[in-house]
Amino acid sequence: AACIPVLLSNGWELPFSEVIDWSKAAIIGDERLLLQIPSITRSVDADRILALRQQTQFLWDSYFSSVAKIVLTTLEIIQDRVHTHISRSRLMWNSLPGGLYTLPHFSSDPTHFPFYYGVLGKTPQQEFTAVIQAVTPLQSPLQPILKLIIAMAKSKFCAQIIVLWNCDKPSPPRSKWPSTTVPLTVIEGERKTMSGRFFPHDVIRTDAVLSLDEDSVLSTNEVDFAFIVWHSFPERIVGYPARSHYWDGGKARWGYTSKWTNEYSMVLTGAAFYHRYYNYLYTHYLPTRLLSMVDQLANCEDILMNFLVSAVTKLPPIKVTQKKQYKETMMQQGSKSSRWADPDHFAQRQSCMNSFTSWFGFMPLLHSQLRLDPVLFKDQVSILRKKYRDIERL
């Protein structure tokens, strides 16, 4: 119920006070001034009451709501004591999403995480890295991945393009790839797995990562607009293809749907921006059994990333601009190379939803009806007044 504790015990050591700032969650009085407590509590204004209740609920959810969390918090505090050079700051422990979700081996600097830009008055970098998952051989100069690379390179915000070569055949020589004005790097994975697309490669230096499937169809205008939106919401997944979840009462399990409705709860990582920290969190926080399940199915890695980000932020993703076809293989679903043509694909994703929910202990996905479009999008005005003119033609 987020009740505010009123503490009257001089010298009492509160739990985890080494890292938790209890003054932001409790009213602490002097036990020798007992009769003044009623007037002190009545003097607390409504804004401070709300802030205290929110912080109390945050501390409960993050560190005290289960025996497992209490034990894990204790172990993480001990780790911070031992490794003082990479320990978490009090800001990390006392602000969302909490110390358990901010892994210090990634960084001990709060500005390197997507959660603290607003608190610290910082903003993310004004550039992104495009990471393209390649799983089919390069056989034709008209393949979608080549057109996708050219479109990414034209973006004024694109710092580099990385192709994750997860095809069984060796990667083609550099001469087979298009020449670009930004660096193009091909990384051939040692373990060609679906989870490998979210590996935190050292070569990714930008805050923003644009995750792309090889057959994604995006124009430079679409990429630029989505990046501008992500820049305002760096803690969320921002992108184009949206999906949703629902509770199936008849089967008593969670369901997955790709139907177009006014709500969504996932933005698939086949064409989406997110902060590079989530690569690290996906690889080092999630249990091996979930990653192994994704790799064995060669499916559901995008759903798992949405589960993770929503569990951390307690926020839904953001969809930008209506777009029904974002893959070339969707236009020809009979194609053997299309996973959409596989009848088991949808059933596997239904099963993944329930396995992921079981591990998290709750359903972290949240529904949203928000869609962000460019100013004057679809308005009956001159095209010359619109900044992202190409988007409406797609």
Q: Distance only, no hydrogens: is a donor on one side chain within 3.5 Å (strictly under) of an acceptor on the other, for T136 and E214?
A: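 Yes.
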Q: Return yes if a side-chain donor-acceptor contact under 3.5 Å exists between D61 and Q57, otherwise no.
A: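 D61 vs Q57: donor-acceptor pair found between side chains.
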Q: In terms of relative ring orientation, are F362 and F360 parallel, tilted or perpendicular, with 30° and 60° separating the classes?
A: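 Because their plane-to-plane angle is over 60°, the rings of F362 and F360 count as perpendicular.
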Q: Does either side chain, that of N221 or that of S219, offer a donor lying less than 3.5 Å from an acceptor on the other one?
A: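 On atom types as modelled, these side chains do not qualify, holding no pair under 3.5 Å.
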Q: Is any NZ, NE, NH1 or NH2 atom of the basic residue among D80 and R88 found under 4.0 Å from an Asp or Glu carboxylate oxygen of the other?
A: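 Here D80 pairs with R88 in a salt bridge, since their nearest N and O are under 4.0 Å apart.
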Q: Kindly say whether the aromatic ring centers of Y277 and H275 come within a distance under 6.0 Å.
A: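 They do not qualify: ring centres at least 6.0 Å apart.
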Q: Between F356 and F307, how do the two ring planes meet: parallel, tilted or perpendicular, split at 30° and 60°?
A: perpendicular
Q: How about V294 and Y282: do any of their side-chain heavy atoms sit closer than 4.5 Å?
A: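 V294 reaches Y282 side chain to side chain.
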Q: Report the residue from Y285, F106, Y280 that forms a ring pair (Phe, Tyr, Trp, His ring centres under 6.0 Å) with Y101.
A: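 The ring pair (Phe, Tyr, Trp, His ring centres under 6.0 Å) with Y101 is passed solely by Y285 among Y285, F106, Y280.
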Q: So that I can tick it off, tell me whether E127 and K156 are bridged by a salt bridge, with the cut-off set at under 4.0 angstrom between side-chain N and carboxylate O.
A: no
Q: Between the side chains of T129 and Q160, is a donor N or O closer than 3.5 angstrom to an acceptor N or O?
A: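 There is such a pair (donor and acceptor under 3.5 Å, judged by atom type) between the side chains of T129 and Q160.
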Q: Are side-chain heavy atoms of L372 and T321 found at a separation under 4.5 Å?
A: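 A side-chain contact under 4.5 Å is absent here.
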Q: Check D302 with R349, please: is the shortest side-chain N to carboxylate O separation under 4.0 Å?
A: yes
Q: Quick one: CG on L8 to CG on L33, what's the gap to the nearest 0.5 Å?
A: 9.5 Å
Q: Do V163 and W177 come within less than 4.5 Å of each other through their side chains, counting heavy atoms only?
A: yes
Q: Taking C-beta and beyond as the side chain, do V131 and R197 meet within less than 4.5 Å on heavy atoms?
A: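 The answer is no, as the side chains (C-beta and beyond) never meet within the 4.5 Å cut-off.
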Q: Rounded to the nearest 0.5 Å, what separation is found between the OG atom of S23 and the CG atom of L7?
A: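 So the OG of S23 and the CG of L7 are separated by 11.5 Å.
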Q: One pair to check against side-chain contact (heavy atoms from CB on, under 4.5 Å): D207 and W230. What are the steps and the verdict?
A: CA-CA 11 Å; D207 293 330; W230 175 87; 4.2 Å; yes
Q: Without swapping roles, check the side chain of D213 against the backbone of I132 for a donor-acceptor pair under 3.5 Å.
A: no
Q: Indicate, with yes or no, if the rings of Y246 and Y256 have centres closer together than 6.0 Å.
A: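 Centroid distance Y246-Y256: not below 6.0 Å, so no.
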Q: Side chains of T257 and H245: is there a donor and an acceptor less than 3.5 Å apart?
A: no
Q: Hey, are the side chains of F113 and E235 touching, using non-hydrogen atoms and a 4.5 Å cut-off?
A: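 Side chain of F113 against side chain of E235, heavy atoms only: no contact under 4.5 Å found.
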Q: What about the rings of W93 and Y63, do their centers lie closer together than 6.0 Å?
A: yes
